[in-house]
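Everything below concerns the one structure shown next.
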Amino acid sequence: MVRVTTPGVRLLPNAITVLALCAGLSSVQFALTGNYAMAIGSIGIAAVLDSLDGRIARLLDATSKMGAELDSLSDGISFGVAPALVLYIWQAHGDRIGWVASLIFAVCMILRLARFNTLLDDTDQPPYAAEFFVGVPAPAGGLVAMLPLIATLQWGEGWWSEQYVVLVWTIAVAALLISRIPTLSLKTVKAPAKAIAPLLVGVGLLAAAIIVFPLVALAIALVLYLLHIPYSVYRHRWLAAHPEAWEVPPRERRAIRRARSHRRLRLRPASGRVAGAAMRAVRRTNSDLVRSRNLRERDHSSATSGPTQRRRSWRRIGIRRR
């Protein structure tokens, strides 16, 4: 069935992208007037809008090449140029070193987005690659770079507000943008049906925390995001080493990890259900390994001579030839 999309529906995702661009650029204007709280809020609004435009385009079947290019350009300005200028206005005070750090951050953001666009057309990636970003994504990088400013607005001046600390922090975040460190992608996260109600309660609590303590909630969220990176690296390496878990649900992946840990410790699995799930997930790979081993043995037996092979087989089973 072919879905017919009206021009107005196709315009909606691009309009959201333009709104995100305007919000990101407005942060520079707020910084020039000294309203740094609104500057941070503008970048946060741009991040929320950036997470919506792509999903709405896929839901409405309104994706286009122009929308993808517009989204990349908007991200480069909203999360690369705007945060760099806000930090420069706040802390550098016309210092040349501060301007160099701002340039490095903006250039690394553009390079990160260019690499992201090229990876979209790469068909040689493993199936689990869709669950990860390569490096820190643009919205998260733009907000993480603002963490010293957030801490200063909430708790006042401190070591986190020193000029050289801010410069080193900006360059470190720029390095995370162009790094090969895998970070989790929320686009592929699927919540089970029984977790929907707790998640809705959590969303309500998060909204209340943002309304009452906006800067504290944002700072905690950014710190938690940075703390998740080691787990993301571990998960990426585990999936790369276990091809049998590439196309199975997360529940069976946990069963595979538990089964392998019990086997390594020589313990009995806690429940038959976990062991059964792990066996179902591993069975296909084990059968492939057995089949390949049998083929190698068959090739080896055909390559060896007949009498020598018979003598070895009689000697192996312990029966003397007559």
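Small disclaimer: the values here were computed from a predicted structure and weren't measured. Nothing fancy with the numbering, it's 1 onward along the sequence.
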Residue pair [X] / [Y], side-chain heavy-atom distance below 4.5 Å:
| X | Y | answer |
| --- | --- | --- |
| V134 | F116 | no |
| N14 | V18 | no |
| F30 | V86 | no |
| I181 | H236 | no |
| R58 | R55 | yes |
| L49 | D53 | no |
| R235 | L184 | yes |
| I104 | C108 | yes |

Return the [atom1] to [atom2] distance between [X] and [Y], rounded to the nearest 0.5 Å.
| X | Y | atom1 | atom2 | result |
| --- | --- | --- | --- | --- |
| L177 | F105 | CG | CZ | 5.5 Å |
| F79 | I77 | CZ | CD1 | 11.5 Å |
| I89 | L149 | CD1 | CG | 11.0 Å |
| L215 | L147 | CG | CG | 11.0 Å |
| Q154 | I40 | CD | CD1 | 10.5 Å |
| R96 | L103 | CZ | CG | 13.0 Å |

Can [Y] be reached from [X] by stepping across I, L, V, M, F, W or Y side chains whose heavy atoms are under 4.5 Å apart?
| X | Y | answer |
| --- | --- | --- |
| I220 | W155 | yes |
| I45 | I150 | no |
| V28 | W99 | yes |
| I178 | F132 | no |
| V48 | I56 | yes |

Return the minimal non-hydrogen interatomic distance between [X] and [Y], and the atom names on each side.
| X | Y | result |
| --- | --- | --- |
| M109 | G141 | CE-C, 4.5 Å |
| G24 | A82 | O-CB, 3.2 Å |
| G98 | L167 | CA-CD2, 3.5 Å |
| A101 | I171 | CB-CG1, 4.2 Å |
| D71 | T17 | CA-CG2, 3.8 Å |
| S232 | P182 | OG-O, 2.8 Å |

Taking [X] for the side chain and [Y] for the main chain, is one N or O donor matched with an acceptor at less than 3.5 Å?
| X | Y | value |
| --- | --- | --- |
| Q91 | S161 | yes |
| S102 | A84 | yes |
| S78 | D75 | no |
| S74 | L70 | no |
| W169 | W160 | no |
| R112 | G76 | no |
| T183 | G135 | yes |

Does the pair V233 and R237 meet the rule for a side-chain contact (heavy atoms from CB on, under 4.5 Å), with working shown? CA-CA 6 Å; V233 173; R237 291 180 178 178; 3.7 Å; yes

Can you confirm if the aromatic rings of Y225 and H228 lie within a centre distance of less than 6.0 Å?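 For H228 and Y225, the ring centres are under 6.0 Å apart.
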
By side-chain hydrogen bond (donor to acceptor under 3.5 Å, both in side chains), which residues pair with Q163, not counting sequence neighbours?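 Q163: side-chain hydrogen bond (donor to acceptor under 3.5 Å, both in side chains) contacts with D95.
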
Could you tell me whether R115 atom CZ has more than 12 heavy atoms of other residues or ligands within 6.0 Å of it?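 Yes, the 6.0 Å shell around CZ holds more than 12 heavy atoms from other groups.
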
With under 30° as parallel and over 60° as perpendicular, where do the rings of W90 and Y36 fit, or are they tilted in between?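 Rings of W90 and Y36: perpendicular, over 60°.
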
